[in-house]
Amino acid sequence: MSIRTRFAPSPTGMLHIGGARTALFSWLHARHHGGQFLLRIEDTDRERSTEEATRVILDGLQWLGLDWDEDVVFQSRNREAHVAAVEKLLAEGKAYRCWCSKEELDAMRAEQRAAGRKPMYDGRCRHRDAGPLDAPHVIRFRSPDAGQTVVRDMVLGDVVFDNRELDDLILMRSDGSPTYNLAVVVDDAAMGITHVIRGADHLNNTPRQMQLYEALGLPMPSFAHIPLIHGPDGAKMSKRHGAVAVTEYREAGYLPDAMVNYLARLGWSHGDQEVFSRQELIELFDVRDVGKTAARFDQDKLDWLNAHYLRAASPEALADDVRARLAALGVTDTESGPDLVRAIALLQERSRNLAELASGARFFYAAPDEYDDKAVRKHLKASAWPLVEDFAREAAALEDWTAEAIHVLISGLCERHGVKMGRLAQPIRILVSGGPVSPPIDATLALLGREETLRRIRRGIEALKPAV
RNA sequence: GCUCCCAUCGUCUAGUGGUCCAGGACGCCGCCCUCUCACGGCGGAAACAGGGGUUCGACUCCCCUUGGGAGUACCA
């Protein structure tokens, strides 16, 4: 039988890092075994579900390259199957109607809590006289009150639950809508899901769901509960920790391959290897190798991986993205200036993300409108100007405007003046880029072009050289 | 409170009774390379939560404590 996994988010918010990793593991498991990875939107809570959230989730998965098979399933459209399942249980005496009011339930729980027990429904409506069918009531599952339910988890191993800890959960609300635990079971079975891979926050639901599979006579899938991702301080990931939505990482200039690699290594490992291509991930991934401990999100390591993938990328492949980012920085024309692909090639190994790359490329297309104060004070002292002016004069007469020729010119000039290269390179860098940091000066000037280089130097002299 | 899960360097992890005075990676520190920033190279500091067992021998098995986390809804 072919392996089928699924990702089943509720469309009530963004696709966050934790959900993305769960989806990734589910996807990897399916792809590794040549099975299918399906997507189901759990929109039974009509109040909180939005179409916008659904779009964002699909968008995020696509960006990460987690492609799904078959049509997306919307849980709300399976209402009939959910109702049918409940009616079947009702007919077989495995479910019953409950007319308990909210007040009655609250009082019961308060009492239990006060007695130091776990608040749970005591099944009082199991034996109570039936109320009027047209009065609001819910339908509850008649759960076994003895024995144990053992979850054979692919990550955690056997987890034993005493059936007495599991109360009669509501299958259908008083408005006739199915609840989560019922809907999940019916839908997973209908979709032919063989492996349920989800966050560890669902572990406590699993024994209840297993009981439902049994009661409904449905084939039991295998389960794997993935430890949650925590923020750097060990607490649950939240906005407080910065970015949590995958779209935020896209905007910040992270590459999907880096994100996938990072997420995979969070909780999963293969010996000492850190960098994995998608293909390697698919070949090597095994849920059973996922660790049991919750991992903390480490921005530094993500940055390192992203820088790694950025360096490895072809400049051409980054061009469209960088162009869009430059436009956002006010650079609308990258055609008449230096070749963008060459600029990217110079910057990609010195940037951690595409946002940094774009801002580092900006000066190639826009002359500095101001100069870094600190850098000016440090590198453009009075003694620097003669050197700069010599350079400008000789650069104008340089035969070939190539990085090599520029390098020879600068080093020759420095030698004649008896100074290190930095004494000339830094002043030029500031005049040309506005600050003390740029790609190597020879390559920078070569790409910028002779005319533009000399124009900026002249402008800089006018703006910064003290009048004598 | 109750139920369940977890516990190796700051972080992600390797380790499945002896090969571990615990390995890799990120980060950090130092040195080298160097026109800046990066990259790269070399080196360094840094961990088995605590206590009991089991065993000839425990990071590895069991129990307890402590510490984290999840669940405890007519949310999913």
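Side chains are part of it too, since the values below use all heavy atoms of this structure and drop only hydrogens, waters and symmetry mates. Note on naming: letters A, B, ... go to the chains in the order of the sequence lines (proteins, then strands), and numbering restarts at 1 for each one.
Using a 4.0 Å heavy-atom cutoff across all strands shown, Thr44(A) reaches sugar-phosphate atoms only and no base atom. At the heavy-atom level, Leu203(A) lies under 4.0 Å from the strands shown only through sugar-phosphate atoms. Nucleic acid contact for Glu42(A): sugar-phosphate only, since backbone atoms but no base atoms lie under 4.0 Å from a heavy atom of the residue. Within the nucleic acid shown, Gly267(A) comes within 4.0 Å of sugar-phosphate atoms alone, with no base atom in reach, counting heavy atoms only. At a threshold of 4.0 angstrom between heavy atoms, the contacts of Val159(A) are confined to the sugar-phosphate backbone, with no base atom among them. When heavy atoms are screened at a 4.0 angstrom cut-off, Ser269(A) is found touching the sugar-phosphate backbone but no base atom. Contacts of Pro439(A) with the nucleic acid, taken as non-hydrogen atoms under 4.0 Å apart, include base atoms. Residue-level contact check: Asp175(A) touches neither bases nor backbone, having no heavy atom under 4.0 Å from any strand. If you check every strand for non-hydrogen atoms under 4.0 Å, Arg117(A) touches a base. Among the protein residues, His230(A) comes within range of the sugar-phosphate backbone only, with heavy atoms under 4.0 Å from sugar or phosphate atoms but none that close to a base. Within the 4.0 angstrom heavy-atom criterion, only backbone atoms of the sugar-phosphate kind lie near Leu228(A); the bases stay farther away.
For RNA chain B, the neighbouring residues in residues 101-113 of chain A, judged by any heavy atom under 4.0 Å, are Arg109(A), Arg113(A).
Taking atom NE2 on His202(A) and atom C1' on rC5(B), their separation rounds to 15 Å, with Å as the unit. Here rA70(B) presents its P atom at 18 Å from CG of Asp153(A), a figure rounded to the nearest Å.
Side-chain atoms of Leu347(A) and Glu356(A), non-hydrogen and from C-beta on, never get closer than 4.5 Å to each other.
With hydrogens and angles left out, the side chain of Glu274(A) and the base of rG24(B) share a donor-acceptor pair within 3.5 Å. Counting distance only, with no hydrogens placed and no angle test, the side-chain atoms of Asp272(A) and the base atoms of rG23(B) include a donor-acceptor pair under 3.5 Å. For a distance-only test at 3.5 Å, the side chain of Ser174(A) qualifies as a donor-acceptor partner of the base of rC74(B).
Looking at Arg198(A) and Asp188(A), no side-chain N of the basic residue comes within less than 4.0 Å of a carboxylate O on the acidic one, giving no salt bridge.
Here the two rings, on Tyr309(A) and Tyr254(A), have centers that are 6.0 Å apart or farther.
Remark: Arg311(A) is in phosphate contact with rG40(B), judged by side-chain N or O atoms under 4.0 Å from OP1 or OP2. Residue Lys118(A) has no polar side-chain atom (N or O) positioned under 4.0 Å from OP1 or OP2 of rU72(B).
In this structure, Trp304(A) and His308(A) have tilted ring planes: the angle between them lies in the 30° to 60° band. In this pair, Tyr121(A) and Tyr96(A) present their aromatic rings parallel. The plane angle is below 30°, not in the 30 to 60° band.
For the P atoms, the distance from rG50(B) to rC9(B) is 10 Å, rounded to whole Å.
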